[in-house]
Amino acid sequence: MIPHWDPPSRLPLLPPVEVALARPVQAFPDPAGRRLAYEPKFDGHRVLIFRTEDDVLLQARSGRIVTTAFPDLRDAAEHLPAGTVLDGEVVVWTGGRTDFAAVQKRAAATRARAARLARELPASYAAFDLLAAGDQDLRPLAYERRRARLVALLEPYGPPLQPVPMTTDPELAATWYDTLPGIGVEGLVIKSLGQPYRAGRHWWKLRHSETREAVVVGVVGPRHHPRSLALVLPGDDDPVVSTPLSPAVRAQISAALRGLPAAPEPTAAGPAPTAKDMVGTEISYRPVTPELTVEVRQDSTARHAATTVMRLRGPE
């Protein structure tokens, strides 16, 4: 629920804002006469930053307000001009690589734990779009113009608020695609320089692998012998339910869960958390602490999207 506050009438954008997304491609798209921009694809936690006249709000992709989970980013964003709205990815770096499990731990933190985790796992914000500035909604402008204003806006501040790298050179983009997986960047996001910002899948994403990481946030069935998992995928904060686990993966998960403390069970006053399965049905799950990372494969048909757990990547 968005906290109550009285926004000045001149602010052009207020949460919740529906975000732009990317559709997967298997190769570099044909420009077809368009000028294209290429950005590294950071697998983190998608967040919009709203700098109001007297506050900062952070909105997740789902529309949920997550300001309390990232006090370090809130403090940094207080220096932005009123009316600024940024779109980007929250990432956490550990050992010179982006760490999706760490950023999910940050995203799931209670208010009481958020300050400590901000010190232990400081967040960085990779901004890739500027949606509003002052009293102006910039979404109708071409990406090229929004990008120029984004870079000019953030240049005086530096970390943890930084624009993502961008190039219009396809050869440099190919080099990034080949070399950046070493730091945990698994592909590219590709946009037309002339595009306005629109909700829906109007960008492209090119990844190295059909598999990706996901964080386990719950189990379906008995805690130590789950049938399926509730998972959070990079860039999203709405859990999804995996397809039924194979016997080998179930054994891996069961053994790993025995070494983790149980998450608090839902109280009688509130319903059990739910996540959607491949056909969109809401399934109840038992929450677990977000300490386990798995490798998943996503397969889509015209009607369904299935998330299959391939293997356990181990505890954080």
Side-chain angles (χ1 to χ4, degrees), residues 15-24 39-49 57-67 69-70 73 86-92 98-109 123-129 131 164 184-189 197-207 209-218 220 228-243 273-283 285 287-288 290-300 304-310 313:
V17 169
E18 192 173 354
V19 301
L21 300 170
R23 62 182 183 272
E39 301 170 351
K41 184 184 184 303
F42 289 93
D43 279 342
H45 198 76
R46 183 79 174 271
V47 165
L48 274 63
I49 295 178
L57 294 175
L58 275 59
Q59 175 204 311
R61 169 178 158 177
S62 64
R64 187 167 56 94
I65 298 300
V66 294
T67 315
F70 299 103
L73 295 183
L86 299 173
D87 189 4
E89 205 84 9
V90 178
V91 296
V92 172
T98 60
D99 187 334
F100 178 59
V103 78
Q104 179 56 28
K105 187 182 295 186
R106 289 290 315 270
S124 296
Y125 187 76
F128 48 69
D129 222 314
L131 307 191
V164 297
V185 175
E186 295 187 347
L188 301 172
V189 175
Y197 185 98
R198 294 179 293 160
R201 297 188 181 275
H202 304 291
W203 303 336
W204 298 281
K205 55 185 175 183
L206 176 64
R207 284 201 295 259
S209 172
E210 295 180 356
T211 63
R212 60 196 306 208
E213 289 187 357
V215 170
V216 180
V217 295
V220 178
S228 302
L229 301 178
L231 306 168
V232 171
L233 298 165
D236 203 353
D237 63 325
D238 286 330
V240 297
V241 174
S242 73
T243 58
T274 62
K276 290 184 179 180
D277 65 7
M278 64 178 290
V279 297
T281 303
E282 294 282 348
I283 305 293
Y285 66 87
V288 299
E291 301 282 343
L292 299 180
T293 305
V294 293
E295 187 174 291
V296 302
R297 187 186 73 238
Q298 291 182 285
D299 299 301
S300 297
H304 308 310
T307 302
T308 302
V309 179
M310 307 303 293
R313 292 186 66 94

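No hydrogens, no waters, no symmetry mates; every other heavy atom, side chains included, goes into these values.
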Margin query: Tell me whether the rings of Trp203 and Phe128 are parallel (<30°), tilted (30 to 60°) or perpendicular (>60°).
Written below: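 Rings of Trp203 and Phe128: perpendicular, as their planes differ by over 60°.
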
Notebook entry, point to check: Checking side-chain contact (heavy atoms from CB on, under 4.5 Å) for the pair Val189/Val164: CA distance, chi angles, key distance, verdict?
Noted result: CA-CA 11 Å; Val189 175; Val164 297; over 6 Å; no

Check: Among Arg64, His45, Arg46, whose side chain to side chain donor-acceptor pair (under 3.5 Å) with Asp237 holds?
Finding: Arg64

Item checked: CD/Glu282: more than 12 non-hydrogen atoms of other groups inside 6.0 Å ->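 Yes.
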
Margin query: Taking atom NZ as the centre, does Lys276 end up with more than 12 heavy-atom neighbours from other residues, nucleotides or ligands that are less than 6.0 angstrom away?
Written below: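 Not buried by this count: 12 neighbours or fewer within 6.0 Å.
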
Might you point out which heavy atoms bring [X] and [Y] nearest each other, and give the distance in Å?
| X | Y | value |
| --- | --- | --- |
| Pro287 | Pro273 | CD-CG, 4.0 Å |
| Glu213 | Arg313 | OE2-NE, 2.9 Å |
| Ala214 | Leu231 | CB-CB, 4.2 Å |
| Lys105 | Glu291 | NZ-OE1, 3.5 Å |
| Leu48 | Tyr125 | CA-OH, 4.1 Å |
| Phe42 | Ala126 | CD1-CB, 4.2 Å |

Margin query: Return the CD to CE distance between Glu295 and Met310, rounded to the nearest 0.5 Å.
Written below: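 One finds 7.0 Å between CD of Glu295 and CE of Met310.
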
Notebook entry, point to check: Which distance, rounded to the nearest 0.5 Å, do you find between the NZ of Lys205 and the CD of Glu39?
Noted result: 14.0 Å

For the backbone of [Y] and the side chain of [X], can you confirm whether one donor and one acceptor N or O come within less than 3.5 Å of each other?
| X | Y | result |
| --- | --- | --- |
| Ser228 | Val241 | no |
| Ser242 | Leu229 | yes |
| Arg198 | Ala20 | no |

4.5 Å side-chain heavy-atom contact, [X] and [Y]:
| X | Y | result |
| --- | --- | --- |
| Thr281 | Ile283 | yes |
| Asp277 | Val220 | no |
| Glu89 | Val103 | no |
| Leu233 | Gln298 | yes |
| Thr308 | Thr243 | yes |

Checklist line | Val232/Phe100 under side-chain contact (heavy atoms from CB on, under 4.5 Å): CA gap, chis, key distance, verdict | finding: CA-CA 10 Å; Val232 171; Phe100 178 59; 4.3 Å; yes

Margin query: So, using side chain to side chain donor-acceptor pair (under 3.5 Å) as the criterion, who are the partners of Asp43 when residues are at least two apart?
Written below: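 Side chain to side chain donor-acceptor pair (under 3.5 Å) list for Asp43, sorted by chain: Lys41.
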
Check: Can Glu186 and Arg207 be counted as an ion pair, charged N to O under 4.0 angstrom?
Finding: no

Margin query: Let's go through Thr293 and Gln104 carefully: what are the C-alpha distance in whole Å and the side-chain angles of both, what is the deciding distance for side-chain contact (heavy atoms from CB on, under 4.5 Å) to 0.1 Å, and is it a yes or a no?
Written below: CA-CA 10 Å; Thr293 305; Gln104 179 56 28; over 6 Å; no

Checklist line | Option passing side chain to side chain contact (heavy atoms under 4.5 Å, CB included) with Leu73 (candidates Thr67, Val47, Val90) | finding: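 Among Thr67, Val47, Val90, the one that satisfies the side chain to side chain contact (heavy atoms under 4.5 Å, CB included) with Leu73 is Val90.
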
Checklist line | Intermediate values then yes/no, side-chain contact (heavy atoms from CB on, under 4.5 Å), Val66 and Leu58 | finding: CA-CA 5 Å; Val66 294; Leu58 275 59; 4.0 Å; yes

